[in-house]
Each structure stands twice: as structure tokens, then as C-alpha cells.
K.L.:
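This structure is in C-alpha cells; I'll ask about it shortly.
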Amino acid sequence: MDREHRLKRLRFRAWHRGVKEADLLIGGFFDRYSAGWNVEEIALFEVLLEEQDVDIMAWAMGTEPVPARYAGSLINDLQTLTYVPISR
């Protein structure tokens, strides 16, 4: 599968998690960072999407330790949380 189709599929999966908070966190993260990802980062994000939303959200917010397999720039970017739109 080429990069464009792979990213399109991942975007759908990132924005359709089943819980609005997870959609905003994971989908917003994807929209903000995916254009700059290399092949390895795309593959890691694919694996990350197999995790439970509550775990991903806990890692992003720092309430649970990040598993070693995800340690690195992808999780560091996820933990910035500046990509989540907040409306009042």
C-alpha cells in the first residue's frame, strides 16, 4: 500500500475510536504530526492504534508510564497535547 493510502486509512482509524475524547486526542495528534512521519513512525502509529484508548490517553497525559516499545519522538509529541482543540 502506498504512503497516501496508508495515511488515509490511519486518519480514519484515528478519528473513529468510538469515544469523542479519544477521537480528539488521537485524531488531532494524527492531523498535526502525520505529514512529517517517516515509514517507521507510520508503522509505530499503526501498532499504537491497536492499543486501548484509555491506555493511549493515560500515556499522553502522563498518568501511566509509557511502555518501552513506544518510547521516543512519537510519544513525546503525543504528550504535548497542544494539538487538541478546546472550545468554550
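From a predicted model like this one, the values you see are computed outputs, not experimental measurements.
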K.L.:
Might you point out which heavy atoms bring Asp23 and Gly18 nearest each other, and give the distance in Å?
P.N.:
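Smallest heavy-atom distance, with atoms named: OD1-N, 3.6 Å.
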
K.L.:
Checking side chain to side chain contact (heavy atoms under 4.5 Å, CB included) for the pair Trp15/Ile26: CA distance, chi angles, key distance, verdict?
P.N.:
CA-CA 7 Å; Trp15 276 104; Ile26 299 167; over 6 Å; no

K.L.:
Assess the residue pair Val66 and Gln79 against the criterion (side chain to side chain contact (heavy atoms under 4.5 Å, CB included)); give the C-alpha distance rounded to whole Å, side-chain angles, the decisive distance to 0.1 Å, and a yes or no.
P.N.:
CA-CA 10 Å; Val66 176; Gln79 291 175 330; 3.5 Å; yes

K.L.:
Please name the residue in the list Asn38, Val39, Leu74 that meets the side-chain contact (heavy atoms from CB on, under 4.5 Å) test with Leu44.
P.N.:
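Exactly one pass, corresponding to Leu74.
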
K.L.:
Could you tell me how the ring of Phe45 sits relative to the ring of Phe29: parallel (under 30°), tilted (30 to 60°) or perpendicular (over 60°)?
P.N.:
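Rings of Phe45 and Phe29: tilted, as their planes differ by 30° to 60°.
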
K.L.:
Determine the minimum heavy-atom distance between Ser73 and Glu41, stating which atoms define it.
P.N.:
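The pair with the smallest heavy-atom distance is OG-OE2, 3.3 Å.
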
K.L.:
Would you call Arg13 and Glu46 a salt bridge, taking side-chain N to carboxylate O under 4.0 Å as the test?
P.N.:
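Salt bridge absent between Arg13 and Glu46.
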
K.L.:
Once you round to the nearest 0.5 Å, how far does CZ of Arg32 lie from CG of Leu81?
P.N.:
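Nearest 0.5 Å value for the CZ-CG distance: 13.0 Å.
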
K.L.:
Out of curiosity, Trp37 CH2 to Leu7 CG, how far, rounded to the nearest 0.5 Å?
P.N.:
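With rounding to 0.5 Å, CH2 (Trp37) is 8.0 Å from CG (Leu7).
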
K.L.:
About how many Å separate CG of Leu25 and CZ of Arg17, when rounded to the nearest 0.5 Å?
P.N.:
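Arg17 atom CZ to Leu25 atom CG measures 10.0 Å (nearest 0.5 Å).
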
K.L.:
Please name the pair of heavy atoms, one in Ala60 and one in Leu78, separated by the smallest distance, quoted to 0.1 Å.
P.N.:
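Taking every non-hydrogen atom into account, CB-CG, 3.7 Å.
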
K.L.:
Supply the atom-to-atom distance Lys8 NZ to His5 NE2, rounded to the nearest 0.5 angstrom.
P.N.:
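Output value for this atom pair is 6.0 Å.
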
K.L.:
For the pair Phe30 and Phe12, evaluate side chain to side chain contact (heavy atoms under 4.5 Å, CB included) and give the outcome as yes or no after the intermediate values.
P.N.:
CA-CA 10 Å; Phe30 177 86; Phe12 181 86; over 6 Å; no

K.L.:
Could you go through Val19 and Met57, starting from their C-alpha distance and side-chain angles, then the distance that decides it, and tell me whether this counts as side chain to side chain contact (heavy atoms under 4.5 Å, CB included)?
P.N.:
CA-CA 11 Å; Val19 176; Met57 294 174 75; 5.8 Å; no

K.L.:
Do Tyr70 and Leu48 come close enough that some side-chain heavy atom pair is under 4.5 Å?
P.N.:
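In contact.
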
K.L.:
Which value, rounded to the nearest 0.5 Å, describes the distance between Arg3 atom CZ and Ile42 atom CD1?
P.N.:
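With rounding to 0.5 Å, CZ (Arg3) is 4.0 Å from CD1 (Ile42).
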
K.L.:
Kindly work out whether a path of hydrophobic side-chain contacts (I/L/V/M/F/W/Y, heavy atoms less than 4.5 Å apart) joins Ile75 to Met61.
P.N.:
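Yes: a chain of side-chain contacts under 4.5 Å links Ile75 to Met61.
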
